[in-house]
Structures are given as structure tokens and as C-alpha cells.
Number of protein chains: 2
Amino acid sequence: MELADEAGIESVTMRELGRRLGVKAASLYNHIAGKDDLLDGLMNLALSGIDIALDGLDWKDAMRRRAVSAREVFARHPWAAGLIDSRDRRGRESLAYVDRVLGVLIRAGFSTADAANAFLVLDSYIYGFERQRPAAPEGNGTDGTGEAREILAAIPEGEYPFAARVAAEFSGKPFDREAAFEFGLGLILDGLERSLGH
Amino acid sequence: MELADEAGIESVTMRELGRRLGVKAASLYNHIAGKDDLLDGLMNLALSGIDIALDGLDWKDAMRRRAVSAREVFARHPWAAGLIDSRDRRGRESLAYVDRVLGVLIRAGFSTADAANAFLVLDSYIYGFERQRPAAPEGNGTDGTGEAREILAAIPEGEYPFAARVAAEFSGKPFDREAAFEFGLGLILDGLERSLGH
DNA sequence: ACCTGAACACCGTTCAAGT
DNA sequence: ACCTGAACACCGTTCAAGT
């Protein structure tokens with residue numbers, strides 16, 4: 001996890017990990033089954049950081065807390081979203097996660113099928129939002145103005161007027177990703193609430 | 001693109017592509033700058049398959065058509081969603097795409113900033129939904145009942161009751177992914193419409 | 001019980017040498 | 001103008017041999 005956080009998930013190789021641990025890559029096979037096992041462990045570690053102690057909360061608050069908690073995990077571990085939704089979700093950690101979320105929704109009055117739907121829609125958005133990040137070359141934690149300026153500079157004079165307008169706007173004023181996330185999350189939660197009453 | 005569709009994006013290597021073309025990997029460098037260039041081309045090819053001839057349509061219909069068109073591309077090219085949102089979006093094809101979408105939203109009355117927000121929220125969902133696919137080992141195009149049965153079988157007796165309930169439900173009855181997609185898309189579009197009137 | 005060296009079958013990329 | 005062979009610095013994984 002340290003290696004992934006510091007050097008990026010693409011640097012998590014058996015050989016590099018061995019180097020960090022002062023050991024040859026082949027030695028790792030005494031402790032894990034292979035690279036897949038390693039990535040599964042990494043996924044579970046990230047997943048366990050998402051708050052699913054949601055009891056006693058209104059279902060909307062519970063889903064909101066889960067989403068915010070996921071975003072905190074993504075902030076610490078930028079590789080987490082990609083890993084979580086590219087891998088099998090049949091481990092115990094994944095099942096526990098799925099069970100808690102479905103439990104909240106079903107107890108709130110969603111039918112089994114509707115709860116599955118709501119879960120899929122919510123997670124599509126939560127994980128999808130993270131990956132919509134425009135692979136910032138300056139690293140994360142920026143306010144996006146530098147990137148907006150780059151894009152603006154890359155647009156040929158007079159072409160793509162709407163893209164240029166948006167790039168110009170956010171060259172001057174920072175883009176608030178968290179506000180955008182919560183705006184979209186609110187739309188979905190409100191819609192789900194309306195669908196709950198049929 | 002043929003190679004990616006038939007053998008998966010992970011099989012798209014310079015060496016394998018050379019093999020298919022009856023040529024050594026090194027020869028490819030006479031035609032493209034490198035693997036990055038190859039993947040950019042692949043992304044643009046996929047992107048150009050998404051319908052953005054949206055003129056004359058109501059903004060909601062336009063966004064719906066775009067979403068449906070994207071899903072058709074994903075059905076043909078399962079690697080497309082992952083490639084598109086993992087790569088730089090500064091090429092001409094990407095800019096054209098972004099410009100058309102923003103144009104529809106801005107002309108519909110969204111402010112520059114609100115249009116950027118709406119775009120991000122929509123694409124997070126559209127691309128995110130695709131990647132939420134539970135890497136089906138049986139290949140795609142299944143109705144999910146086989147997978148639901150596998151998950152059900154993997155759940156220890158008496159544990160994860162809600163997950164078990166959902167898995168049981170969809171062991172018998174197919175899960176309609178497209179319906180779920182459109183349900184979520186509708187929630188977001190309705191929410192955006194409401195936000196348009198403030 | 002754990003580590004190592006060596007090997008195998010892979011990667012992307014460069015570059016001098018060929019036609 | 002294009003292709004090739006050979007090389008370099010990488011991958012994941014296996015396995016006999018060491019301690």
C-alpha cells in the first residue's frame with residue numbers, strides 16, 4: 001500500500017516490491033500466491049477503509065456518509081477506485097460491504113430488486129466520478145486552473161467555442177470537484193427517494 | 001481495434017500486433033510513435049463511434065441519445081470505457097466531443113459552470129456504470145443468473161443475509177442492466193432539469 | 001521455513017544494418 | 001521508405017538448490 005501510494009499502482013510489481021522489502025521477487029511467493037493475491041489484498045485494504053457502520057442513520061445520510069468516506073479513501077489512495085471496480089467482488093470483505101449497503105436500502109423500504117438497482121446506480125456514480133479525473137500531470141491536489149489554462153492554450157483559435165468558454169472560466173476560478181460530486185450525489189439520492197414512494 | 005475486440009485490451013501489445021500484421025514489433029515504430037500513440041488512436045476510434053450529432057434535439061433527448069450511443073460502443077468494444085477515462089482528453093477528437101456536449105447544455109440554458117458540472121456528473125455515471133460490470137468470467141451477453149448463483153453459492157450459510165437475498169432473486173430472474181442504466185440516467189436528467197430552473 | 005539464482009516466456013523501445 | 005536482428009531494461013512465475 002505504501003508503494004502504491006508513493007509510486008503509483010503501476011509501480012506495484014513483484015520485483016519492485018521485493019526491492020523495497022530487501023528481498024528477491026521470487027521470495028514473495030513464500031507469502032502470497034501471486035500478484036493477483038497481492039492486488040486482492042490491496043483492494044480489501046482499501047475497501048475496509050470505507051465507512052459502512054451505517055446503523056441508525058437515515059438511508060440517505062447513510063449513503064452520503066458512505067460516499068464521502070469512499071472519497072476520503074480515494075484521496076489517500078488514488079489507485080483504489082480503479083482496483084476495486086476492475087476486480088472480482090466475491091471475497092469476504094466485498095461481500096460484507098455489499099451486504100451492509102443492501103441492508104440499509106432494503107430496511108429503508110426498497111424492494112430486493114430496487115435495492116440492487118439503487119446500489120448499482122450509486123456506485124456507478126461514486127466510482128465513476130473518481131475516474132473522470134483528468135489524469136492531472138501536475139499531480140493531484142491542484143485546483144484545476146493550471147490544467148484549464150493548458151487546455152485553453154491547446155484549443156486552436158476560433159474552434160471548439162464551448163470547450164474554450166469552459167476552459168476560460170476555470171482558468172481564472174478554481175473548479176470545486178467536491179461540490180460537483182455532492183451536487184450529482186444529491187440528484188441521485190433525491191431521485192431514489194422519489195422512486196421509493198413509487 | 002480488431003485485436004482489442006477479439007483478445008482483450010491486455011493483448012494489445014506491440015509484439016502481438018506485429019504478429020497479427022506479419023511484421024516484427026520494431027517495424028511498427030515506422031508508423032506510430034509508440035504504444036501511447038496506438039492507444040490514443042484506439043481511444044479516438046472508439047470516441048468517434050459515440051453519436052454527438054445532437055443538433056435540433058431537446059437537451060435531455062440529446063444527452064439520452066449520447067448515453068445510449070456510448071453504451072452501444074461499449075457493447076462492441078468492452079475496453080472503450082476504461083481507455084477513454086484513463087487517458088488524456090486533449091486530442092482533437094476529445095475536444096470535439098467535449099465541445100458538442102457542452103454546446104448542447106449551454107444552449108439549453110445552463111451557465112458555463114453548471115454545464116461543466118452537468119457534463120461531469122453525467123459522464124461519471126455513463127462511464128462508471130460500464131465499469132461496474134462484475135468482470136463476468138462467462139463472458140458478456142449473459143443475463144447474470146449464472147453469476148448470481150455463483151455468488152449465492154459462495155456465501156457462507158446464514159451470513160450476509162441481504163447479499164444472499166439479492167443473489168437469490170437474480171438467480172431465478174435475469175438482471176436487466178440496460179433498464180437499470182436508464183433508470184439511473186433518468187434520475188440524473190430529471191435532477192438536472194430541476195436544477196436548471198434553480 | 002524461508003531465501004536465492006537461474007531460467008522461461010513475456011513486455012516496450014532503440015538502433016545499426018540491411019533492402 | 002520500410003523491415004530486421006540484436007540488444008537493453010523491464011515484467012510474472014517456477015523450481016532446484018541452498019541455509
Side-chain angles (χ1 to χ4, degrees), chain A residues 1-47 77-91 93-94 131 134-137 139, chain B residues 1-47 77-91 93-94 131 134-137 139:
Chain A
M1 198 169 210
E2 280 171 23
L3 176 56
D5 289 347
E6 289 168 23
I9 191 72
E10 74 283 354
S11 297
V12 178
T13 66
M14 298 298 279
R15 291 170 127 100
E16 182 58 31
L17 182 59
R19 233 166 271 142
R20 289 248 175 168
L21 299 173
V23 112
K24 300 291 162 191
S27 307
L28 300 174
Y29 289 83
N30 288 305
H31 304 94
I32 54 173
K35 192 175 182 183
D36 250 38
D37 198 24
L38 180 65
L39 293 179
D40 274 340
L42 220 40
M43 179 190 73
N44 287 337
L45 226 45
L47 218 45
H77 313 298
W79 43 267
L83 204 56
I84 290 172
D85 60 31
S86 74
R87 299 191 71 71
D88 249 19
R89 292 257 212 124
R90 260 167 268 190
E93 193 81 44
S94 301
R131 317 194 72 189
Chain B
M1 198 170 209
E2 280 171 25
L3 176 56
D5 289 346
E6 290 168 23
I9 191 70
E10 74 283 355
S11 298
V12 178
T13 66
M14 298 297 280
R15 291 169 127 101
E16 181 59 31
L17 182 59
R19 233 166 272 143
R20 289 248 173 168
L21 298 173
V23 109
K24 299 292 163 190
S27 307
L28 300 173
Y29 289 84
N30 288 305
H31 303 95
I32 53 173
K35 192 174 183 185
D36 250 39
D37 198 23
L38 180 65
L39 293 179
D40 274 339
L42 219 41
M43 178 189 74
N44 287 336
L45 226 47
L47 220 42
H77 313 299
W79 42 268
L83 205 56
I84 291 172
D85 60 32
S86 75
R87 299 191 70 72
D88 249 20
R89 293 257 212 123
R90 260 167 269 189
E93 193 81 44
S94 302
R131 318 195 72 188

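All heavy atoms count here, side chains included; hydrogens, waters and symmetry mates do not. Within every chain, numbering begins at 1; the chains are lettered A, B, ... in the order of the sequence lines, protein sequences first and strands thereafter.
In this structure the side chain of B:D36 reaches within 4.5 angstrom of the side chain of B:R87, judged on heavy atoms.
Nearest heavy-atom pair across A:L83 and A:M43 is CD2-N, 3.8 Å. Scanning both residues, B:A4 and B:L42, for their nearest heavy atoms gives CB-CD2, 4.4 Å. When all heavy atoms of A:I84 and A:A46 are compared, the pair lying nearest together is CD1-CB, 4.5 Å. Among all heavy-atom pairs drawn from A:D88 and A:S94, the shortest one is O-OG, 4.4 Å. Considering all non-hydrogen atoms of both residues, B:M14 and B:L38 come closest at SD-CD2, 4.3 Å.
Distance B:Y29 OH to D:dA1 C1': 19 Å, rounded to the nearest Å. Between B:D36 atom CG and C:dG12 atom P there is a gap of 11 Å when expressed in whole angstrom units. Put simply, CG on A:D37 is 10 Å from P on D:dT13, counting in whole angstrom units. Remark: P of D:dC11 and CD of A:E16 are 7 Å apart, rounded to the nearest angstrom.
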Item to complete: Kindly indicate, with the supporting measurements, whether the criterion side-chain contact (heavy atoms from CB on, under 4.5 Å) is fulfilled by A:L28 and A:V23.
Response: CA-CA 8 Å; A:L28 300 174; A:V23 112; 4.3 Å; yes

Restricting to nitrogen or oxygen on both sides, can you table the protein-nucleotides 2-5 of chain D pairs closer than 3.5 Å?
| unit_1 | atom_1 | unit_2 | atom_2 | d |
| --- | --- | --- | --- | --- |
| D:dT4 | OP2 | B:K24 | N | 3.0 |
| D:dT4 | OP2 | B:S27 | OG | 3.1 |

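Taking side-chain N and O atoms only, A:R15 has no distance below 4.0 Å to OP1 or OP2 of C:dC10.
Within a 6.0 Å sphere centred on CD of B:E2, other residues, nucleotides and ligands contribute 12 heavy atoms or fewer.
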Worksheet entry | Dot-bracket notation for DNA chain C, counting Watson-Crick and G-U pairs under 3.5 Å, with | for partners on another strand | ||.|||||...|||||.||

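Of the candidate nucleotides C:dG12, D:dC11, D:dG12, D:dC11 has the atom lying nearest to any side-chain atom of A:R19.
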